[in-house]
Student: 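Here it is, the structure in full.
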Amino acid sequence: MTTTTWPLLAEAHDALLNAVKGVGDDQWQLPTPCDQWTVTQVLQHAAGDQVGFAAALTGGEGPDENPFAPSGTPLADPVAHVEAATGAAAAAWAGVAADAEAVPVPVPPNTLDAVTGVGACALDAAVHAWDIAKATGQAQPLSEEAASAILLAAKQIVEPLRAWGAYAPALEPQDGDDAVAALLRYLGRNPEWTA
């Protein structure tokens, strides 16, 4: 089997895992920038989407619960939950050639070129890492380079997802926005969000 290294995905997965590791015991039910979702629900959504990408790529089983209706039920081991989900996605993407033109993905149009597809998978992990970090008072977890690369993928996949309500309308760019703020505003998130 061909193995492919995807540094953008690795960085996004690390951001998500580190954000989850930084959540305090009393912070799992805090509100997040994901409207009406708690930290636990965002974690469940993010992990479920990573499993969804892995399943689309491998034909394996999908997530245990609907990522778009996360239960919010406390997890016995949130870190292990995220490690398993991101590990499955990383392993699945490792078998995808960088020049593949029609890779199965769980988002419309259900096939993307490999670079866009892995960018979509990274987008989900990275932005929810930001949600969790922002909600729990942690440092912003995304690099400028990663945010710029993810924004390129976002501009190719987000508009059909807005029709499903998966993303809020884009916010207007602001003077002084860095790459992370530009990505967040494009996805309908306010970089200055507070609970």
Side-chain angles (χ1 to χ4, degrees), residues 1-17 19 33-34 42-43 45-63 66-68 82 85-132 140-171 173 177-189 191:
M1 171 170 77
T2 302
T3 58
T4 310
T5 301
W6 297 103
L8 179 63
L9 186 60
E11 182 174 338
H13 283 169
D14 286 347
L16 180 59
L17 183 59
C34 276
V42 170
L43 179 156
H45 169 80
D49 277 359
Q50 294 304 305
V51 172
F53 273 97
L57 289 164
T58 65
E61 292 202 24
N66 180 352
F68 293 97
V82 170
T86 56
W93 280 107
V96 176
D99 60 355
E101 295 180 3
V103 178
V105 294
V107 295
N110 298 110
T111 58
L112 294 169
D113 67 87
V115 172
T116 304
V118 84
C121 189
L123 182 159
D124 193 85
V127 171
H128 294 308
W130 180 83
D131 290 331
I132 292 168
Q140 191 283 108
L142 307 179
S143 72
E144 292 285 295
E145 183 179 17
S148 294
I150 290 169
L151 182 57
L152 292 176
K155 288 184 175 179
Q156 296 181 62
I157 67 160
V158 165
E159 292 313 318
L161 295 171
R162 285 198 209 279
W164 287 6
Y167 289 99
L171 303 178
D177 278 353
D178 60 12
V180 174
L183 170 64
L184 294 169
R185 289 190 203 282
Y186 179 74
L187 297 175
R189 281 173 169 74

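Computed from a predicted structure; not experimentally measured.
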Student: Checking Ala181 now: which residues fulfil side chain to side chain contact (heavy atoms under 4.5 Å, CB included) with it, not counting sequence neighbours?
Tutor: Asp177, Asp178, Pro191
Student: Going from CD1 on Ile150 to CG on Leu183, what distance comes out if it is rounded to the nearest 0.5 angstrom?
Tutor: 6.0 Å
Student: Between Trp93 and Phe53, how do the two ring planes meet: parallel, tilted or perpendicular, split at 30° and 60°?
Tutor: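 Geometry flag for Phe53 against Trp93: tilted rings.
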Student: Please name the pair of heavy atoms, one in Ala98 and one in Val115, separated by the smallest distance, quoted to 0.1 Å.
Tutor: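 What the structure gives for the nearest pair is O-CG2, 3.9 Å.
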Student: How long is the straight-line distance from NZ of Lys155 back to CG of Leu151, given to the nearest 0.5 Å?
Tutor: 4.5 Å
Student: Quick check for you: to the nearest 0.5 Å, what is the distance between Leu123 atom CG and His128 atom NE2?
Tutor: 8.0 Å
Student: Distance-only, no hydrogens or angles: does the Gln140 side chain make a donor-acceptor pair with backbone N or O of Trp130 under 3.5 Å?
Tutor: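 Such a contact is absent between Gln140 side chain and Trp130 backbone.
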Student: Measuring from His45:NE2 to Asp131:CG, what's the distance to the nearest 0.5 Å?
Tutor: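 Those atoms lie 8.5 Å apart.
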Student: Write down the atom of Gly117, the atom of Val105, and the distance for their closest heavy-atom approach.
Tutor: CA-CG1, 4.3 Å
Student: If you count the non-hydrogen atoms of other residues, nucleotides and ligands that lie under 6.0 Å from CD in Glu144, is the total more than 12?
Tutor: yes
Student: Check Pro141 against Ala15 and note the closest heavy-atom contact, atom names and distance.
Tutor: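 That closest heavy-atom pairing would be O-CB, 3.9 Å.
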Student: Working to the nearest 0.5 Å, report the span between CG of Leu16 and CD1 of Ile132.
Tutor: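 It comes to 5.5 Å.
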Student: I need the Asp14 CG to Leu9 CG distance, nearest 0.5 Å.
Tutor: 9.5 Å
Student: Identify the heavy atoms of Ala122 and Leu8 that sit nearest to each other, and give their distance.
Tutor: CB-CG, 4.0 Å
Student: Could you check whether any side-chain heavy atom of Val127 comes within less than 4.5 Å of a side-chain heavy atom of Leu187, counting everything from C-beta outward?
Tutor: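 Touching, per the 4.5 Å side-chain cut-off.
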Student: Going by the ring pair (Phe, Tyr, Trp, His ring centres under 6.0 Å) test, which pairs reach into residues 100-122, not counting sequence neighbours?
Tutor: none
Student: Applying side-chain contact (heavy atoms from CB on, under 4.5 Å), run through Ile157 and Leu112 and close with a yes or a no.
Tutor: CA-CA 9 Å; Ile157 67 160; Leu112 294 169; 3.8 Å; yes
Student: Which atom names give the shortest non-hydrogen contact between Ala92 and Leu57, and what distance separates them?
Tutor: CB-CD1, 3.7 Å
Student: Search all heavy atoms of Val51 against all heavy atoms of Gly62 and return the closest pair with its distance.
Tutor: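 Closest approach of Val51 to Gly62: CG1-C, 3.5 Å.
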Student: Under a 4.5 Å cut-off applied to non-hydrogen side-chain atoms, are Pro63 and Gln50 in contact?
Tutor: no
